[in-house]
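Here the structure comes first, spelled out in structure tokens, and everything after it is commentary.
The analysis underlying the following values was restricted to heavy atoms, covering all of them including side chains, and did not include hydrogens, waters or symmetry mates.
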Amino acid sequence: EDLNARLQSKDEQISKLLEFNKELQKRLSDESAHREDATEGFQKHMLALREELENKFTEDLNARLQSKDEQISKLLEFNKELQKRLSDESAHREDATEGFQKHMLALREELENKFTEDLNARL
């Protein structure tokens with residue numbers, strides 16, 4: 001009887017160990033599934049973060065490009081204004097030079113006439 005009791009005790013131990021083994025396998029399976037879910041969730045999160053960063057980077061680049069376009073536009077407008085002012089100044093300088101030359105010719109003619117009159121008066 002002692003052997004039967006010991007045998008029955010060992011069978012119970014084996015049964016409990018098999019039951020515990022099943023529980024461990026179930027927990028391992030649950031943990032693996034949870035890890036896969038966590039990994040998948042992490043990957044989705046990282047993809048979303050990457051997309052967000054790419055979008056932000058693209059927005060920043062577009063804003064910088066727009067700012068550069070505006071700067072170029074302002075510089076081109078300023079360039080036009082400078083060219084107009086240069087053209088106006090050149091025309092004014094030409095007018096002034098022409099006026100100065102006419103004035104100098106008139107003055108020369110006046111001095112020559114005066115000199116001629118003085119010479120004639122002396123003679």
Side-chain angles (χ1 to χ4, degrees):
E1 265 186 48
D2 187 39
L3 286 176
N4 279 337
R6 284 176 57 199
L7 185 59
Q8 188 176 0
S9 173
K10 295 291 179 186
D11 283 343
E12 288 173 5
Q13 279 181 342
I14 289 171
S15 179
K16 287 180 183 179
L17 285 173
L18 287 172
E19 192 63 36
F20 185 66
N21 189 333
K22 279 184 185 178
E23 180 62 31
L24 287 177
Q25 285 178 332
K26 182 181 181 313
R27 286 173 57 191
L28 178 62
S29 175
D30 290 348
E31 284 297 320
S32 293
H34 179 70
R35 184 181 52 77
E36 287 174 11
D37 288 347
T39 300
E40 185 178 323
F42 178 74
Q43 287 173 339
K44 284 181 181 178
H45 174 72
M46 291 306 291
L47 285 173
L49 185 59
R50 178 181 177 185
E51 188 174 311
E52 182 182 333
L53 289 173
E54 286 175 347
N55 288 341
K56 178 70 175 150
F57 183 71
T58 301
E59 287 173 12
D60 288 348
L61 281 180
N62 284 334
R64 287 170 62 193
L65 282 172
Q66 184 176 356
S67 174
K68 296 295 181 190
D69 286 344
E70 289 170 3
Q71 285 178 342
I72 288 169
S73 179
K74 287 177 183 177
L75 286 171
L76 287 172
E77 193 64 35
F78 185 65
N79 190 345
K80 279 183 186 177
E81 180 63 29
L82 287 176
Q83 286 176 337
K84 183 183 180 312
R85 287 172 55 190
L86 178 61
S87 176
D88 291 349
E89 285 296 319
S90 294
H92 178 70
R93 184 181 51 79
E94 287 174 13
D95 290 347
T97 301
E98 187 178 319
F100 178 74
Q101 288 173 343
K102 284 181 181 177
H103 175 72
M104 291 305 289
L105 284 173
L107 186 59
R108 178 180 176 186
E109 195 174 300
E110 183 182 328
L111 288 173
E112 286 176 349
N113 289 340
K114 178 80 170 146
F115 182 72
T116 303
E117 286 174 12
D118 283 351
L119 275 180
N120 287 334
R122 288 186 187 173
L123 293 175

Using the rule given for side chain to side chain contact (heavy atoms under 4.5 Å, CB included), can you reason through Asp30 versus His34, listing the C-alpha separation, both sets of side-chain angles and the distance that settles it, and then say yes or no? CA-CA 6 Å; Asp30 290 348; His34 179 70; over 6 Å; no

Decide yes or no on salt bridge (charged side-chain N to carboxylate O under 4.0 Å, His left out) for Glu89 and Arg93, but give the supporting numbers first. CA-CA 6 Å; Glu89 285 296 319; Arg93 184 181 51 79; over 6 Å; no

Side chains of Asn62 and Thr58 in contact at under 4.5 Å (non-hydrogen atoms): yes

Would you say Leu53 and Phe57 make side-chain contact, with heavy atoms under 4.5 Å? no

Considering only heavy atoms from C-beta outward, does the side chain of Lys68 approach that of Gln71 to under 4.5 Å? yes

Backbone of Gln83 reached by a side-chain donor or acceptor of Ser87 within 3.5 Å: no

Beyond-backbone contact of Glu40 with Lys44, side-chain heavy atoms, under 4.5 angstrom: yes

Starting at NZ of Lys84, measure out to CG of Leu82 and round the result to the nearest 0.5 Å. 12.0 Å

Cationic N near anionic O, under 4.0 Å, Glu110 to Lys114: no

Under the side-chain hydrogen bond (donor to acceptor under 3.5 Å, both in side chains) rule, collect the residues that match up with Arg50, sequence neighbours excluded. Glu54

Would you compute the distance between atom CG of Asp60 and atom CG of Asn55 and round it to the nearest 0.5 angstrom? 11.0 Å

Donor-acceptor pair, Ser90 side chain versus Leu86 backbone, under 3.5 Å? yes

Distance (rounded to the nearest 0.5 Å) between Glu12 CD and Leu7 CG: 10.5 Å

